[in-house]
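Everything below concerns the one structure shown next.
All of these numbers come straight from a predicted model, not from anything done at the bench.
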Amino acid sequence: MPNVTFHWMRVQTFCYATERKELLEETMETLLGDADEYTEDESVGEHGNVMTILEARLTHQRQYRGLFGNLGPEVCSWILEDMDNRLDDDCVFYMRLDKQKAVQGVYEPAHHGDVIAITGKVQAHPARKEVAARVLSEFLAGLDHSGESSPASPESSG
């Protein structure tokens, strides 16, 4: 497994006026574990509705392992299968989790807008997509999901 997989990682979601912020905060904390930087910013939507942007920055390898370990083996397998769509040419990883399912304790990739967005810059030397794909693949393959007490795993891998 690579010594360091990411330069940084950001996990972000929007809490709309119709949602319980405390429930989304709990969901993020369960997913993330021990994030160093956790911020909440107020914003106003296009129709004047107030929303809160919940964002965490991960900067340590143990945090990356914790996040992907919490996602579970099914989501990690899905990432491996969809690697070409998960990385861009600048070695940035992208994925979205279904926010409503995550609140229920199920982590599942999403293809809509109501999500928890996960973005991270993969450490690849040289900085090329194929090198980043190899680094991320080795990282995911090296995760130990056997002793996990993850609260959730996806029912389908979308």
Whether Phe6 and Phe68 hold their rings parallel, tilted or perpendicular, with breakpoints at 30° and 60°: parallel
Approximate separation, where rounding is to 0.5 Å, of Glu25 CD and Cys15 SG: 7.5 Å
Distance, nearest 0.5 Å, that separates CG of Leu32 from CG of Asn70: 8.5 Å
Cluster link Val50 to Leu54, ILVMFWY, side chain under 4.5 Å: no
Taking every non-hydrogen atom, the tightest pair across Leu97 and Pro109: CD2-N, 4.3 Å
Atom pair NE2 (His60) and CZ (Arg62), whose distance is rounded to the nearest 0.5 Å: 5.0 Å
Single-linkage hydrophobic cluster Tyr64~Leu67, side-chain heavy atoms < 4.5 angstrom: yes
His7 versus Val122, closest heavy-atom pair with distance: CD2-O, 3.8 Å
All side chain to side chain contact (heavy atoms under 4.5 Å, CB included) counterparts of Val103, not counting sequence neighbours: Leu23, Leu24, Thr27
Polar side-chain atom of Arg10 near backbone of Gly120 as donor-acceptor pair, under 3.5 Å: no
Atom pair CG (Leu136) and SG (Cys76), whose distance is rounded to the nearest 0.5 Å: 9.0 Å
Criterion side-chain contact (heavy atoms from CB on, under 4.5 Å) on Val75 and Met95, from CA distance to verdict: CA-CA 10 Å; Val75 173; Met95 83 169 287; 3.7 Å; yes
Contacts of Phe14 that satisfy side chain to side chain contact (heavy atoms under 4.5 Å, CB included) - sequence neighbours left out: Tyr16, Met51, Ile53
Audit row: Leu31, Ile116, side-chain contact (heavy atoms from CB on, under 4.5 Å) steps and yes/no: CA-CA 10 Å; Leu31 175 63; Ile116 297 172; 4.2 Å; yes
Residues that Gln100 engages under side chain to side chain contact (heavy atoms under 4.5 Å, CB included), provided they are two or more places apart: Glu19, Asp98, Asp114
Smallest separation among heavy atoms of Arg96 and His112, with atom names: NH1-O, 3.0 Å
Gln61 side chain vs Thr5 backbone, donor-acceptor pair below 3.5 Å: yes
Heavy-atom check, side chain of Phe139 versus side chain of Arg65, under 4.5 Å: yes
Heavy-atom closest contact (Leu87 atom, Ala132 atom, distance): CD1-C, 3.8 Å
Backbone of Val115 reached by a side-chain donor or acceptor of Thr13 within 3.5 Å: yes
Check: Asp90 main-chain N/O paired with Lys121 side-chain donor or acceptor under 3.5 Å: yes
Distance-only polar pair, side chains of Glu42 and Thr52, donor-acceptor under 3.5 Å: yes
Between CD1 on residue Ile79 and CG on residue Asn85, distance to nearest 0.5 Å: 12.5 Å
side-chain hydrogen bond (donor to acceptor under 3.5 Å, both in side chains) between Thr39 and Glu55, worked out: CA-CA 5 Å; Thr39 61; Glu55 181 177 304; 4.8 Å; no
From CA spacing to verdict: side-chain contact (heavy atoms from CB on, under 4.5 Å), Met9, Ile118: CA-CA 7 Å; Met9 183 161 278; Ile118 301 171; 4.0 Å; yes
Note: Arg134-Glu138 ion pair, threshold 4.0 Å (strictly below): yes
Ala124 to Cys91 - nearest heavy-atom pair and separation: CB-SG, 4.1 Å
Leu58 reachable from Val92 in the ILVMFWY side-chain graph, under 4.5 Å edges: no
side-chain contact (heavy atoms from CB on, under 4.5 Å) between Arg57 and Trp8, worked out: CA-CA 7 Å; Arg57 285 222 176 245; Trp8 54 265; 3.9 Å; yes
Donor-acceptor contact present, side-chain Arg86 to main-chain Tyr94, <3.5 Å: yes
Nearest non-hydrogen partners of Val11 and Met28, listed with the distance: O-CE, 3.6 Å
